[in-house]
Amino acid sequence: MSSNPVAETVASLMPRAKAELTELVAFSSVADFDQFPRSESEAAAAWIVDALRAEGFQDLAVLDTPDGTQSVYGHLPGPEGARTVLLYAHYDVQPPLDDAAWTTPPFELTERDGRWYGRGSADCKGGVIMHLLALRALKANGGVPVHVKVIVEGSEEQGTGGLERYAEAHPDLLAADAVVIGDAGNFRVGLPTVTSTLRGMTMLRVNVDTLAGNLHSGQFGGAAPDALGALIRVLDSLRAEDGSTTVDGLTGDARWDGLQYDEEQFRQDAKVLDGVELIGSGTVADRIWARPAVTVLGIDCPPVVGATPSVQASARALISLRVPPGQDAAEATKLLQAHLEAHVPWGARVSTEQIGQGQPFSADTTSPAYAAMSDAMAVAYPGQEMQYAGQGGSIPLCNTLAALYPNAEIVLIGLSEPEAQIHAVDESVSPEELERLSVAEALFLRNYAGS
């Protein structure tokens with residue numbers, strides 16, 4: 001890449017990129033304000049506003065979205081008559097889980113073994129920096145040849161839909177000819193990849209009640225219905241013997257025809273313990289990109305330390321269901337609710353509450369934007385051909401944008417390759433990937449302007 005002026009500029013900007021990502025990662029911007037201060041998210045939004053202002057963005061706005069969070073918008077005018085490209089990232093992050101389990105503090109960007117560690121470094125504060133690097137490289141080499149809109153979301157990880165609803169209420173705001181979603185990732189480090197499909201998602205909170213209050217397990221156990229036991233039984237009904245997701249009425253036999261995921265490589269990427277089997281059937285790609293997947297995210301029940309010999313009167317769990325392309329997330333939600341109600345044992349009382357939902361997404365990979373990105377990737381990753389892969393995760397805004405702007409070309413790239421361990425302890429980003437993808441995005445904007 002060194003013979004390319006854009007690549008040379010990006011390389012020279014990497015120390016600044018590290019310093020900026022260090023500042024951005026330092027905000028504990030988890031959009032769950034029962035656990036983390038709202039001020040941290042607001043400070044992260046303000047940081048992004050300042051960064052965009054310094055690059056000449058106009059119409060800067062902190063959008064107060066209906067879910068009580070903030071997204072940041074800005075517009076960088078290009079040449080008259082040029083196309084418009086929307087660049088997306090999000091600054092909110094997942095909770096760090098167990099701070100003590102991190103090798104280094106989660107909100108301090110730390111370099112180790114050639115990677116930069118910190119919550120949000122890859123997902124998706126690194127995406128914010130990627131957009132900035134690409135634009136700076138173009139400005140230093142002839143200018144930005146398109147109109148650029150930037151939207152940085154404040155609650156993507158919560159799935160609460162604030163930005164989607166805001167966009168629907170202001171349909172002109174994010175209108176663009178092409179959209180680059182900077183929240184995906186390469187199939188592996190060094191292999192340029194665009195994500196062509198996303199699974200949707202729904203999250204339900206399920207409550208099980210059996211008694212008016214807890215009872216002594218010696219005096220009443222054996223006849224008194226145990227709410228925690230009932231919850232465990234109903235959660236177990238969501239999986240077949242091989243671990244496949246089994247929700248009554250939900251199809252789970254679709255196949256993935258594109259890039260395949262070697263099973264041993266997946267075991268390494270997922271850090272599956274020796275002797276532990278993978279779950280489900282079909283290829284790994286079938287399981288993670290083309291089929292529904294249920295996950296129990298959490299259970300409210302007494303912790304082991306301090307537990308008393310009691311029959312539990314109530315218990316609840318948070319359940320995630322990933323919904324593959326070709327299935328409707330709203331319909332999947334109804335099927336999941338009906339399944340839970342049908343499978344709770346002993347006549348226990350069960351109630352469900354929907355917490356979040358997003359539709360699956362499939363891109364049109366025949367559009368000119370994909371050709372422009374393929375050419376850009378070939379320069380940024382010499383000797384490598386751009387691959388198409390699915391992603392098991394969800395980016396709910398994709399479907400909102402596709403519905404609002406049916407002619408817009410949506411391309412998904414990003415820094416969340418397997419080694420990044422997004423959502424897990426010791427999340428990290430590869431600075432080489434940040435550099436290469438920033439070059440690719442800059443060249444894409446140049447290519448797309450001329451296509």
Side-chain angles (χ1 to χ4, degrees), residues 1 7 10-30 44 47-48 51 87-97 99 101-137 150 152-153 156-157 180-195 268-271 377 380-381 384 389 391 393 395 412-442:
M1 290 195 305
V10 171
S12 73
L13 291 170
M14 288 304 293
R16 179 181 179 186
K18 183 181 181 184
E20 290 179 321
L21 188 56
T22 299
E23 294 177 9
L24 198 50
V25 164
F27 300 111
S28 55
S29 50
V30 180
W47 188 98
I48 293 165
L87 305 179
Y88 168 90
H90 64 84
Y91 69 83
D92 71 304
V93 298
Q94 286 284 339
L97 302 174
D99 286 24
W102 284 69
T103 305
T104 50
F107 295 109
E108 293 180 16
L109 193 74
T110 306
E111 184 168 3
R112 189 169 69 252
D113 302 323
R115 297 183 67 93
W116 300 343
Y117 287 80
R119 177 57 91 221
S121 56
D123 183 25
C124 179
K125 291 176 177 178
V128 176
I129 304 301
M130 178 182 73
H131 294 327
L132 291 172
L133 283 171
L135 294 173
R136 289 166 181 162
V150 166
V152 186
E153 188 172 2
E156 191 274 343
E157 298 291 7
V180 178
I181 303 287
D183 191 25
N186 285 344
F187 183 68
R188 63 175 183 269
V189 172
L191 183 65
T193 311
V194 291
T195 298
Q268 292 179 35
D269 293 340
K271 295 179 172 55
M377 290 284 202
Y381 292 83
Q384 295 283 358
Q391 181 172 300
I395 305 174
L412 291 94
I413 62 172
L415 299 162
S416 297
E417 37 75 26
E419 292 181 44
Q421 295 194 158
I422 64 170
H423 294 201
V425 166
D426 283 349
E427 177 183 345
S428 67
V429 68
S430 162
E432 288 80 11
E433 289 286 74
L434 175 59
E435 182 176 342
R436 287 184 291 229
L437 285 168
S438 299
V439 172
E441 181 168 280

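No experiment lies behind these values; they were computed from the predicted model shown.
- Closest approach of L434 and G126 over heavy atoms only: CD1-O, 3.8 Å.
- If you take OG on S28 and CG on D99, they are separated by 9.5 Å, rounding to the nearest 0.5 Å.
- A salt bridge (Lys or Arg N to Asp or Glu O under 4.0 Å) check over residues 117-130, counting only residues at least two apart or in different chains, returns the pairs R119-E427.
- Considering all non-hydrogen atoms of both residues, S438 and A134 come closest at O-CB, 3.5 Å.
- Heavy atoms only, all atoms of each residue included: G118 and V25 are closest at CA-CG1, 4.1 Å.
- Between G127 and A89 the shortest heavy-atom distance is C-CB, 4.0 Å.
- Of all heavy-atom pairs between A17 and I129, the closest is CB-CG2, 3.7 Å.
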**OP:** Check the pair E153, D183 against side chain to side chain contact (heavy atoms under 4.5 Å, CB included), reporting the backbone distance first and the verdict last.
**Re:** CA-CA 11 Å; E153 188 172 2; D183 191 25; over 6 Å; no

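- For E433, the salt bridge (charged side-chain N to carboxylate O under 4.0 Å, His left out) partners are R436, not counting sequence neighbours.
- Scanning for side chain to side chain donor-acceptor pair (under 3.5 Å) contacts around D426 gives T103, with sequence neighbours left out.
- Taken from OH in Y91 to CD in E156, the straight-line distance is 12.5 Å, to the nearest 0.5 Å.
- Among residues two or more places apart in sequence or in another chain, the side chain to side chain donor-acceptor pair (under 3.5 Å) test is passed with T104 by R112.
- Looking at residues two or more places apart in sequence or on another chain, you find no side chain to side chain donor-acceptor pair (under 3.5 Å) involving E108.
- Nearest heavy atoms, V425 versus A101: CG1-O, 3.4 Å.
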**OP:** Begin from the C-alpha positions of V429 and L21 and carry the test side chain to side chain contact (heavy atoms under 4.5 Å, CB included) through to its verdict.
**Re:** CA-CA 10 Å; V429 68; L21 188 56; 4.1 Å; yes

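- Residues forming a side-chain contact (heavy atoms from CB on, under 4.5 Å) with Q268 (at least two apart in sequence, or on another chain): Q265.
- Separating the CG atom in L132 from the CG atom in L13 is a distance of 10.0 Å, to the nearest 0.5 Å.
- In this structure, the separation between CG on L109 and OG1 on T22 is 4.0 Å, given to the nearest 0.5 Å.
- In terms of the side-chain contact (heavy atoms from CB on, under 4.5 Å) criterion, residue partners of A270 (sequence neighbours excluded) are, by chain and number, F266, V272.
- For the ring pair (Phe, Tyr, Trp, His ring centres under 6.0 Å) test, no residue two or more places apart in sequence or in another chain qualifies with F107.
- Note that CZ of R136 is 10.5 Å distant from OG of S12, once rounded to the nearest 0.5 Å.
- Every residue two or more places apart in sequence or in another chain was checked for a salt bridge (charged side-chain N to carboxylate O under 4.0 Å, His left out) with E23, and none qualifies.
- A distance of 11.0 Å separates OG1 in T195 from CZ in F187, rounded to the nearest 0.5 Å.
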**OP:** Apply side chain to side chain contact (heavy atoms under 4.5 Å, CB included) to H423 and L97, showing your working.
**Re:** CA-CA 9 Å; H423 294 201; L97 302 174; over 6 Å; no

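- For R16, the salt bridge (charged side-chain N to carboxylate O under 4.0 Å, His left out) test picks out E20, E55, with sequence neighbours left out.
- In this structure A420 satisfies the side-chain contact (heavy atoms from CB on, under 4.5 Å) test together with R115, A122, E417, I422, sequence neighbours excluded.
- In terms of the side chain to side chain donor-acceptor pair (under 3.5 Å) criterion, residue partners of Q421 (sequence neighbours excluded) are, by chain and number, K271.
- Within the 4.5 Å cutoff, no side-chain heavy atoms of E419 are placed close to those of D269.
- The shortest side-chain heavy-atom distance between V180 and E441 falls under the 4.5 Å cut-off.
- Between the side chain of W102 and the backbone N or O of P96 there is at least one donor-acceptor pair closer than 3.5 Å.
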